[in-house]
Novice: 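For reference, the structure I am asking about is given below.
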Amino acid sequence: MNMKEGNCRLLLFDLDGTLLRSDKIISQATLKALYGCREKGIQIGISTSRGERNALPFIEELQPDISITSAGALVKYNGETIYKAEFSKEQTRQMIAAAREICGADCEITVDTADAHYWNYRMDPRKQDPSWGDSIYTDFKDFEEGALKICVEIFEENQAMRLRERLEGCDCIRFSDGYWYKFTRKTATKERAIEKMCSVCRIRPEEITAFGDDLADIGMLKLCGTGIAMGNAVPELKKQADLIIAGNDEDGIAQYLAAAFGVL
């Protein structure tokens with residue numbers, strides 16, 4: 001165990017591509033290792049771009065001490081909300097209108113709210129990914145909810161640039177596994193959420209070991225004491241990581257925790 005690992009008080013995991021295998025399951029080896037770490041007094045957290053509703057099956061399975069959802073827009077500690085960065089109803093309507101103006105009236109959109117996940121996909125997302133949880137179909141006409149996160153599918157880079165410019169008060173990142181772009185408040189990123197969490201939970205960033213695989217995880221890995229990239233991570237993230245471990249389908253996390261913390 002190195003000095004950073006000896007100081008670790010919180011293990012913080014992205015979900016898709018990291019803690020979850022490609023079949024959207026947390027392996028038994030990984031679960032056993034996590035339970036072993038918890039028995040040693042190390043807290044467990046998730047930090048995901050999924051909304052809380054879409055992450056609920058894994059939250060119920062893990063019972064994390066910390067949950068950061070909607071890419072940093074919602075933070076809970078022991079089930080209690082400690083930070084929320086939300087767009088107003090009017091701002092949400094304006095963002096949806098801007099997306100349709102620039103990307104086409106039929107562009108696909110998802111909206112995370114504090115209580116639900118809304119979508120207008122041409123194909124039910126639950127048929128593509130059963131782990132996605134309860135989602136509500138809407139055409140977004142007369143939408144009357146404030147959003148934590150809005151995602152838009154954009155195939156043309158010039159359209160994505162125009163929408164970024166229009167929504168200049170937002171943090172925008174593209175997910176590497178498709179053409180989806182997420183828009184949250186500037187203050188709603190994974191790293192900002194960690195800073196908010198640390199101020200409440202009295203944990204220092206250097207006492208956190210964070211795991212990720214995608215562009216949205218770069219700030220998180222750079223902020224935390226130990227930043228670990230999965231073997232399947234995008235190259236940009238690997239360049240910023242302190243360590244690269246085996247991929248999400250190879251029990252990379254279980255192997256790392258066994259070696260670093262002596263859990264089997």
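All heavy atoms count here, side chains included; hydrogens, waters and symmetry mates do not.
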Novice: Using the salt bridge (charged side-chain N to carboxylate O under 4.0 Å, His left out) rule, collect all pairs that involve residues 29-39, keeping only residues at least two apart or in two chains.
Specialist: R38-D65
Novice: Report, as yes or no, whether the 6.0 Å neighbourhood of atom CD on E90 holds more than 12 heavy atoms from other residues, nucleotides or ligands.
Specialist: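 Count over threshold, so yes.
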Novice: Counting only heavy atoms not in E144 (residues, nucleotides, ligands), do more than 12 fall under 6.0 Å from its CD?
Specialist: yes
Novice: Kindly indicate whether the side chain of L20, heavy atoms from C-beta on, has any atom under 4.5 Å from the side chain of I25.
Specialist: no
Novice: For the pair D242 (side chain) and G227 (backbone), establish whether a donor and an acceptor sit closer than 3.5 Å, ignoring hydrogens and angles.
Specialist: yes
Novice: Below 4.5 Å, heavy atoms only, C-beta onward: do T48 and I68 meet side chain to side chain?
Specialist: no
Novice: Please tell me if the side chains of K24 and P57 come closer than 4.5 Å, counting only heavy atoms from C-beta onward.
Specialist: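 No, every pair of side-chain atoms sits at 4.5 Å or beyond.
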Novice: So, N248 side chain and L19 main chain: donor-acceptor pair closer than 3.5 Å or not?
Specialist: no
Novice: Hey, does C8 have a side-chain heavy atom less than 4.5 Å from the side chain of I208?
Specialist: no
Novice: For the OH atom on Y179, are there more than 12 heavy atoms of other groups (residues, nucleotides or ligands in this structure) within a distance under 6.0 Å?
Specialist: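 No - once you tally the heavy atoms of other residues, nucleotides and ligands closer than 6.0 Å, there are 12 at most.
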Novice: Which residue pairs pass the salt bridge (charged side-chain N to carboxylate O under 4.0 Å, His left out) test when at least one of the two sits in residues 112-121, sequence neighbours left out?
Specialist: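 Sorted result for residues 112-121: D112-K149.
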Novice: Just wondering, are more than 12 heavy atoms of other shown residues or ligands nearer than 6.0 Å to CG in D142?
Specialist: no
Novice: Scan residues 159-170 for pairs that pass side-chain hydrogen bond (donor to acceptor under 3.5 Å, both in side chains), counting only residues two or more places apart or in two chains.
Specialist: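 side-chain hydrogen bond (donor to acceptor under 3.5 Å, both in side chains) check on residues 159-170 returns E101-R166.
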Novice: Within a 6.0 Å radius of atom NZ on K222, are there more than 12 heavy atoms belonging to other residues, nucleotides or ligands?
Specialist: no
Novice: For the residue pair Y137 and Y118, is the inter-centroid distance of their aromatic rings smaller than 6.0 Å?
Specialist: no
Novice: If you draw a 6.0 Å radius around NZ in K239, do more than 12 non-hydrogen atoms from other residues or ligands fall strictly inside?
Specialist: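 12 or below, so no.
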Novice: Is it the case that the ring center of Y256 lies less than 6.0 angstrom away from the ring center of F211?
Specialist: yes
